[in-house]
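These values consider heavy atoms only, across backbone and side chains, with no hydrogens, waters or symmetry-generated copies.
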Amino acid sequence: MTSIRELHKQLVRKERSAVELANEALDRIQRLEPKLHSFLHITADSALAQAKAVDAKIAAGEEIGMLAGIPIGIKDNMCTAGIPTTCASKILDKFVPPYESTVTQKLKDAGAVMVGKTNLDEFAMGSSTENSGYQVTANPWDLSRVPGGSSGGSAAAVAAAECVVALGSDTGGSIRQPAALCGVVGLKPTYGLVSRYGLVAYASSLDQIGPFGRSVEDAAVLLSAIAGYDPKDSTSLKVEIPNYAKLIRPNFRPRGRLRVGIIKETFGGGLDTVVEEKVKAAIETLQHLGAEIQIISCPTFSYGLPAYYIIAPSEASANLARYDAVKYGIRAEDADNLVEMYKETRAQGFGTEVKRRIMLGTYALSAGYYDAYYLKAQKVRALIKQDFDNAFEKVDVLVSPTSPTTAFKAGEKTADPLSMYLSDLMTIPVNLAGLPGINVPCGFDDKGLPVGMQLIGKPLGESLLLQVAHAYEQATDWHLKTPKLQ
Amino acid sequence: MTVIAPTKTKYEAVIGLETHCQLNTATKIFSPVSTNFDSPPNTNISPICLGYPGVLPVLNEKVLESAVKAGLALNCQIAPYSKFDRKQYFYPDLPKNYQISQFDLPIAEHGWLEIELVDAKGDEAQRKKIGITRLHMEEDAGKLVHAGSDRLSGSTHSLVDFNRAGVPLLEIVSEPDIRTGEEAAEYGRELRRIVRYLGISDGNMQEGSLRCDVNISVRPVGQEEFGVKVEIKNMNSFSAIQKAIDYEIERQIKAIENGEPIFQETRLWEEGAQKTISMRSKEGSSDYRYFPEPDLPPIEVAKKQLEEWRSQLPELPAQKRDRYESEYGLSAYDTRILTDDLDVAQYFEAAVAKGANPKTVANWVMGDIAAYVNSEKLNSITEVVLKAETLAELIALIEDKTISGKIAKEILPDLLTKEVKSVQKLVESKGLIQISNPDELDAIIDKVLAANPDKVEQFRNGKTKLQGFFVGQVMKETSGRADPKLTNQILGKKLKG
């Protein structure tokens, strides 16, 4: 498994070319896609053109950035000018945005080579990528199982080495949960650290773009490239962005007293025994590395899930109202009038889960219900935030399992949305509080499926989070294991 | 036997106005796109105006400034903490199918505006305060163009023009303090003067940059409870507002007296038929499912910023009217005419600043110059070639008797159309300077008398009306340049013999 740092060295030393790297990735995609279905669009032509440009720079003796020439996958809910962006929804079938999202623009400028747009649950609503309107992505560790979601395409593509790193988006766990189920590193940054301009909105107050990598360091390199204030996003934060990758090199060891808090409420009913064992073992490893472990109670933690399923669908019901067949996207044929056109187009274009959440949100915001649902959920959100604030007075980093289970079988939970929703039990409160969270692989169950540990940091605490995750990763070898795909 | 006639019930109307005012910012409220009014359809658009997937709104700071200044001018409290909300409804001219507006925390609240009603020249102004409930910022929608009909009904299909989508609006809601059509029209006019004085909107009703909706109900005088509220739309002038309200008051009173129900509905003013017609029922108000806009952070106007904007407020129409009355001694009626249009007020003030008598300037501005602006259909007094400074010079020449008022009126057409550097030089070169030297006049009068011995005889025999004939002869002799007052004096003396 070659790291970005190593690939960068090879490129600079001209041991390998960017075109070679791109071709290797594209070949692998070609070979694996019939089994994996990680990608919705493969952008071979633009990838090779970008790779050639990087090679030309190297040949001319110009300095290149860490990401130059590195093959990358982009979740298909980030707008890419001239390249289809569907959100895995039929309603945006063949939609080609005329503008570039801020993150992909930054990656282009950094010379990263986008090899394709990855699959997701339609409009990022789901935990298994089975809600895609186009295809079901397989888990590289067991093709009969789901990769998690909604960024399942990106997680699977990175785990299967179809690309080196990838971008996902995380509204309630959509980066961390698939990272856990696919055995890769996935980070959801502090809300506002990364610009949302060009990210097709699901729930605007929760959505955040973040990196996937096969190591903490790779994720850190990608985060440095995409983070930063963007005047096009009024919710983006005006903060200095450190070079995260540099902060964890060489081998960071927590200095002094690192206080790690175990969230009591995340170890209990519904948690797979093997997940509990592996995460507890990982915590012991942290202790051996010098961390001081405490048990912390976040009493409102379990209210995160119900609050989320009010707030996120409420925002979604408004965000998705724009898909009305007037301006872009598909339009139902033979509608007799305007209302028919709206109804037919949306009936045909949206999948079941999207419709369910639009209805949930529309209901929650209706006159007479607003106070009981939306307003109350916002109050719960404030309490959850407060619980985290209190916890961070006692500890520097919080730890929990990322997902209550390892990867489940495709089709296992599709008939029962509530059991599917429980997959995000551990990750959702982090979004509600706007905090950074990272998944680090911490072992395998008896079926050989990856288990992930979630580390949660203070607002803008990405540096420490990455340092701790890196220290853990260096002390273990879980990240060195790769799925046997051949 | 005496019959006691039943006392006729007296009614009063309870009226509130909801005004939408387009701001004249160069770019839209949430996107850096031109707000130009008369561009070809769908040319002032961007992915943001069209609500494309993934794009985000960014507040134009100029809109906030305009809203705060309008709020201050309307004596409102400016909210230290305000926010945007999404107002949701499906309509093809609304790109996101929600409008970014402000719901429960508007930028300004609890204000008032004073209207003045002056019926005729010489009357004292009747003043009345109209409460302002709230003022908030929002984005305008696009426009539908219906093919084959000017309405949706009867059209074969409709086209959408998104140029207007995202143009900034202020919505200003009045308290139900208005009682008559005249008060409502004057409220609208005063509001327009205020936004124009602030320079934040052109307030043009025909082009739709100022739109007023009226809420009106009628109740017997003395009754506290409101009657059934009817909304009237589609008035594109202040006189239409007045007429629509007057019509509606009468219609509602008639309905009550005939025992007919009044429905809660929206009615349209039909300018052609001069009446209101029912458009749609409003029973069971629509649910807009408002919730806070997550893409925009809350607005907190810092104290320092607020004070800076307050200090930039210009003299407002009401202040100007007060000053014209107290400082210049002008009548309420003249004051209102001069201050109605800021350009006219500035023209007037520029002439007065050059030392001209305010009352005289007012007469010129409201008389000959206004007539010229009207007859030439000019947009503004600023388009008149005659500058305020030149008018002041003309007035000064009359006052120091260099020229007569009559000559001034004669040369005015020239001054209105051709640029003149010095009126003094013009009258000199044209030989139009008034003859006010008694010796010079003496000689001319002697010549006139000598030429008309028979008329002199008749005058002295009692036909004193002939004085006018002699003045005319002197004027003829001097091409109108003789000082009329002095001429009369000298003539009188000489004719008496």
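By the 4.5 Å heavy-atom criterion applied to side chains, Pro95(B) and Lys327(A) are counted as neighbours. Looking at Ser46(B) and Tyr99(A), their side chains never come closer than 4.5 Å, going by heavy atoms from C-beta outward. The shortest side-chain heavy-atom distance between Arg196(A) and Leu56(B) falls under the 4.5 Å cut-off. At least one side-chain heavy atom of Asn319(A) sits under 4.5 Å from a side-chain heavy atom of Arg86(B).
For OH of Tyr373(A), the number of neighbouring non-hydrogen atoms (other residues, nucleotides, ligands) closer than 6.0 Å is 12 at most. Other residues, nucleotides and ligands contribute at most 12 non-hydrogen atoms within 6.0 Å of the OH atom of Tyr369(A). In this structure, Lys62(B) places its NZ atom where only 12 or fewer heavy-atom neighbours from other residues, nucleotides or ligands lie under 6.0 Å away. Within a 6.0 Å sphere centred on CD of Glu225(B), heavy atoms belonging to other residues, nucleotides or ligands number 12 at most. Heavy-atom contacts from other residues, nucleotides or ligands closer than 6.0 Å to NZ of Lys376(A) number 12 or fewer. In this structure, Asp104(B) places its CG atom where more than 12 heavy-atom neighbours from other residues, nucleotides or ligands lie under 6.0 Å away.
One finds the CG atom of Leu338(A) at 14.0 Å from the NE2 atom of His157(B) (value rounded to the nearest 0.5 Å). Atoms NZ and CZ, on Lys343(A) and Phe90(B) in that order, are 11.5 Å from each other to the nearest 0.5 Å. One distance of note links CG of Leu320(A) with CG of Asn97(B); it measures 11.0 Å at 0.5 Å rounding.
The two residues Ser204(A) and Pro294(B) make their nearest non-hydrogen contact at CB-CG, 3.6 Å. The two residues Pro292(B) and Tyr370(A) make their nearest non-hydrogen contact at CD-OH, 3.5 Å. Of all heavy-atom pairs spanning Tyr323(A) and Pro53(B), the tightest one is OH-CB, 3.5 Å. Heavy atoms only, all atoms of each residue included: Val58(B) and Asp233(A) are closest at CG2-N, 4.5 Å.
Residue contact with chain B, scored on non-hydrogen atoms closer than 4.5 Å, is absent for Phe123(A). The parts of Tyr52(B) that come within reach of chain A are both its backbone and its side chain, each placing non-hydrogen atoms under 4.5 angstrom from that chain. When heavy atoms are compared at a cutoff of 4.5 Å, Phe162(B) approaches chain A solely by way of its side chain, counted from C-beta outward. Contact annotation for Leu206(A): neither backbone nor side-chain heavy atoms come within less than 4.5 Å of a heavy atom of chain B.
With chain B as partner, the option from Ser101(A), Ser314(A), Pro98(A), Ala318(A) having the largest number of non-hydrogen pairs under 4.5 angstrom is Ala318(A). Heavy-atom pairs under 4.5 Å with chain B were tallied for Met341(A), Lys232(A), Gln378(A); the largest tally goes to Lys232(A).
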Trace of the side chain to side chain contact (heavy atoms under 4.5 Å, CB included) decision for Gln88(B) with Leu365(A) | CA-CA 10 Å; Gln88(B) 306 191 65; Leu365(A) 291 175; 3.5 Å; yes
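A donor-acceptor pair under 3.5 Å links the side-chain atoms of Ser234(A) to the main chain of Pro57(B), judged by distance alone. Looking at Asp287(B), its side chain does come within 3.5 Å of a backbone N or O of Ala367(A) through a donor-acceptor pair.
Taking the six-membered ring for Trp, Tyr374(A) and Phe291(B) have ring centres closer than 6.0 Å.
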